[in-house]
Amino acid sequence: MDKNTVIGLVLIIAIFIGFNIWMRPSKEELAQQQRVRDSIAAVNAEKAAENLRIEEAMKAQENVEEAINDSLRGLKFGAMAAATNGTEEMIQVENEKLRLQFSSKGGMITSAELKQFVTGDSLPLILFDNELENHINFTLLTTDNRILSSDELYFVAQPVVVSDSAMIYTLRSSVNEESWLDFVYTIPHNDYMIHFAIVPHNMGRILDPLATSIEMDWDGMVRQQERGRKFESRYTALNYRFVDDDQEQLSESRNASKDVSTPLMWIAFKDQFFSTIIIPDDEFLSAKMTSEVMSEREKYIKHFNVSTSLPFDVRDDSQPTGFRIYLGPNHYKVLASYDKNVEKADRLHLEHLVPLGWKAFRWISKWFIIPMFNFFGRFINNYGIIILLMTLVIKLVLFPFTFKSYMSSAKMRVLKPQIDALNEKYPGPEKAMERQQAQMQLYNKAGISPMGGCLPMLLQMPILVAMFQFFPTAFELRGQSFLWAKDLSSYDAIVEWGFNIPLIGNHISLFCLLMTITNIIYTKINMSSQAGSNEQMAMMKWMMYLMPVFFFFMFNDYASGLSYYYFVALLFTIVQTMVIRLMVDDEKVLAQLESNKARPQKKSKFMQRLEAAQKEQEKMIREQAKKNARK
């Protein structure tokens with residue numbers, strides 16, 4: 001290190017030391033700094049003391065408020081006051097099929113999600129999600145003449161009991177160390193049906209021991225779950241079943257209410273494909289029910305309310321009041337399974353929630369349509385193919401009736417020249433009776449029944465009606481796609497727009513359009529083989545061609561599975577008609593009718609009654625003519 005470097009380092013150190021000595025505060029400055037620090041510490045201490053005093057005051061105020069609230073609760077709820085104090089918490093519970101949420105305030109289910117299904121918009125399928133959408137409340141009467149609601153009570157979850165078949169969740173609302181009210185939920189591991197029970201423990205001195213029933217209020221909003229709101233609304237209704245095995249429902253199309261004074265077996269808030277059903281262990285003693293149709297601007301379709309009562313004995317802890325709650329699909333097989341191995345008198349018949357038409361036609365769906373549908377479903381997972389096969393089977397079953405109807409039309413057609421000759425022989429309205437008699441004689445000689453074409457069609461009607469009821473409510477079709485249809489239980493829009501047009505809505509369904517076109521083609525083919533005068537035919541053609549157009553407006557909102565069925569059925573009918581035409585020779589039919597004329601005629605009972613009616617009518621006309629002549 002050279003001399004200059006050493007000198008530089010010494011100067012730097014000297015400057016640093018000198019700067020520190022020069023900048024060192026004086027004794028007066030140090031004293032001033034200490035006074036400032038002491039002042040700040042004193043201010044902070046004063047603030048801390050003030051905060052402590054505020055906290056103590058607030059705590060004292062809270063204690064006073066709590067004491068006041070306790071006093072008010074005591075005045076309002078009496079012996080039940082302790083049970084009305086608490087903090088609301090949400091309890092999550094789920095099994096293989098359901099995801100449920102309970103509230104510690106009120107102790108009831110506030111949310112229910114069906115884990116295996118989604119909405120028409122592919123969102124989680126939630127039946128209800130808050131107390132606005134589903135609220136059940138019980139009215140409790142106390143020995144000191146107080147009335148309170150169960151939704152004012154706070155419950156504490158007890159340890160869960162798990163068995164091989166179910167989970168048991170107990171929510172307890174304690175009055176004191178010796179008395180409490182338990183809401184007990186038994187939730188099977190793999191089921192839509194859960195059980196709820198009200199279990200009182202040593203409550204005989206707190207709740208009115210003379211009460212034999214408990215009032216229940218059930219209020220619910222039914223969400224829109226499917227794409228077609230208008231169509232879904234047609235199948236959304238409040239349903240109920242009497243203990244005497246008679247099921248009814250409130251109107252689906254308008255606001256309605258009803259008071260029932262006889263016992264009920266169950267009550268259901270039913271949507272098109274899902275339901276919430278309450279089934280009491282004993283029975284609903286009576287019920288007042290209301291149904292309100294919601295505006296299309298709402299996300300809800302209907303608003304239901306039920307005020308009812310259940311048997312309740314607070315003195316007997318071993319006989320709790322309870323009911324089952326079904327939260328699941330309107331699947332015929334699932335609903336019917338709850339009556340398996342059950343005595344006939346105790347069967348619920350929940351499957352009747354699936355609308356299969358009037359009793360006169362319901363048996364066809366139950367014993368023919370549904371078994372056939374399930375049979376094909378065992379081997380085929382494409383429901384479009386299943387509908388095609390069902391249509392083929394039905395058309396084959398109905399083929400004898402179709403053939404007989406065609407033959408009746410063919411006979412009438414080949415006799416048309418002779419009918420026209422009779423019309424010319426007896427022209428005008430004044431000879432209408434003679435003309436009708438002559439036609440009847442011609443039909444009788446030829447062996448033709450005027451009802452021959454109608455009866456086969458009438459025999460087919462029950463199956464047609466059953467199919468009309470089955471497809472829109474078949475749960476299996478929900479969410480099933482086929483060709484361009486994304487959901488066979490809803491419409492298959494090929495064109496959509498953002499506003500509603502009267503009669504047609506906001507879309508055009510392709511299967512419905514194809515059904516309409518095919519129906520017009522079939523009408524043209526069918527009308528070409530009909531007999532009748534030109535005037536009659538002209539009027540009939542207008543009516544027959546207008547019917548397919550009418551059906552288009554009617555079915556445009558309907559399930560695409562139903563339109564697809566009618567489309568395929570019409571195609572099969574056209575093929576059958578063409579095949580029958582190839583099989584039937586009009587000349588041979590006419591020859592057979594002429595041959596029948598030569599045989600001895602035996603009048604049928606129908607013809608005898610018809611002729612008797614005609615003679616009676618002629619007699620009345622003659623008598624009326626005599627009276628007119630006298631005048």
Side-chain angles (χ1 to χ4, degrees), residues 120 224 226-236 252-253 271-273 296 301 354-358 361 364-365 369 373 383-384 386-388 390-391 394-395 398 457 460-497 499-526 542-574:
Q224 179 182 347
E226 314 303 325
R227 291 177 61 210
R229 179 188 180 95
K230 181 179 178 182
F231 188 67
E232 183 179 5
S233 182
R234 294 173 186 168
Y235 293 93
T236 301
E252 310 102 316
S253 58
D271 193 5
Q272 181 181 3
F273 288 117
E296 291 189 2
I301 295 180
V354 180
L356 298 178
W358 305 320
F361 303 129
I364 299 175
S365 296
I369 304 299
F373 186 81
Y383 283 92
I386 291 175
I387 294 174
L388 179 66
M390 289 180 66
T391 308
I394 291 171
K395 297 305 290 184
L398 296 177
M457 292 300 297
Q460 297 180 56
M461 285 301 296
I463 294 181
L464 296 176
V465 173
M467 298 300 286
F468 174 80
Q469 294 287 344
F470 171 75
F471 282 111
T473 58
F475 186 84
E476 292 86 347
L477 297 182
R478 185 180 186 273
Q480 298 295 326
S481 62
F482 180 67
L483 298 178
W484 56 83
K486 297 179 181 179
D487 185 351
L488 288 172
S489 70
S490 182
Y491 57 81
D492 56 316
I494 187 175
V495 178
E496 290 187 89
W497 48 88
F499 54 92
N500 284 326
I501 298 176
L503 298 178
I504 196 171
N506 64 350
H507 66 275
I508 294 178
S509 300
L510 183 52
F511 272 131
C512 184
L513 184 61
L514 292 174
M515 176 195 73
T516 302
I517 295 172
T518 308
N519 202 356
I520 292 173
I521 295 173
Y522 172 68
T523 300
K524 182 175 179 59
I525 294 173
N526 198 37
W542 274 107
M543 293 181 61
M544 295 302 293
Y545 283 125
L546 283 174
M547 286 302 293
V549 179
F550 170 77
F551 285 143
F552 171 78
F553 292 112
M554 177 179 175
F555 287 100
N556 192 48
D557 277 329
Y558 267 62
S560 56
L562 179 64
S563 299
Y564 167 60
Y565 162 72
Y566 282 139
F567 166 59
V568 174
L570 285 167
L571 287 179
F572 279 132
T573 303
I574 291 173

Subject >> Over all atoms of both residues, closest heavy-atom pair of K395 and T573 >> reply: NZ-OG1, 2.7 Å
Original post:
Hey, are the side chains of L388 and Y564 touching, using non-hydrogen atoms and a 4.5 Å cut-off?
Top reply: yes
Subject >> Residue pair H507, D557: steps toward the side chain to side chain contact (heavy atoms under 4.5 Å, CB included) verdict >> reply: CA-CA 8 Å; H507 66 275; D557 277 329; 2.9 Å; yes
Original post:
OG/S560 to CE/M515 distance, rounded to the nearest 0.5 angstrom?
Top reply: 12.0 Å
**OP:** Write down the atom of Y565, the atom of T391, and the distance for their closest heavy-atom approach.
**Re:** CD1-OG1, 3.2 Å
**OP:** Fit a plane to each ring of F511 and W484, take the angle between them on a 0 to 90° scale, and name the class: parallel (under 30°), tilted (30 to 60°) or perpendicular (over 60°).
**Re:** tilted
Original post:
Would the number of heavy atoms belonging to other residues, nucleotides or ligands and lying under 6.0 Å from NZ of K486 be above 12?
Top reply: no
**OP:** Pick out which of T518, T523, T516 makes a side chain to side chain contact (heavy atoms under 4.5 Å, CB included) with I520.
**Re:** T516
Original post:
Do the two ring centres, one from Y566 and one from F555, sit under 6.0 Å apart?
Top reply: yes
Pairs of donor and acceptor atoms involving the side chains of residues 476-483, under 3.5 Å and at least two apart or interchain, shall be tabulated with distances.
unit_1 : atom_1 : unit_2 : atom_2 : d
E476   : OE2    : H331   : NE2    : 3.2
R478   : NE     : E226   : OE1    : 3.1
R478   : NE     : E226   : OE2    : 3.0
R478   : NH1    : V118   : O      : 3.0
R478   : NH2    : V118   : O      : 2.8
R478   : NH2    : E226   : OE1    : 3.4
R478   : NH2    : E226   : OE2    : 3.1

Original post:
Which atoms form the tightest heavy-atom contact between S365 and A466, and what is the distance?
Top reply: OG-CB, 3.5 Å
Original post:
Do I369 and F471 come close enough that some side-chain heavy atom pair is under 4.5 Å?
Top reply: no
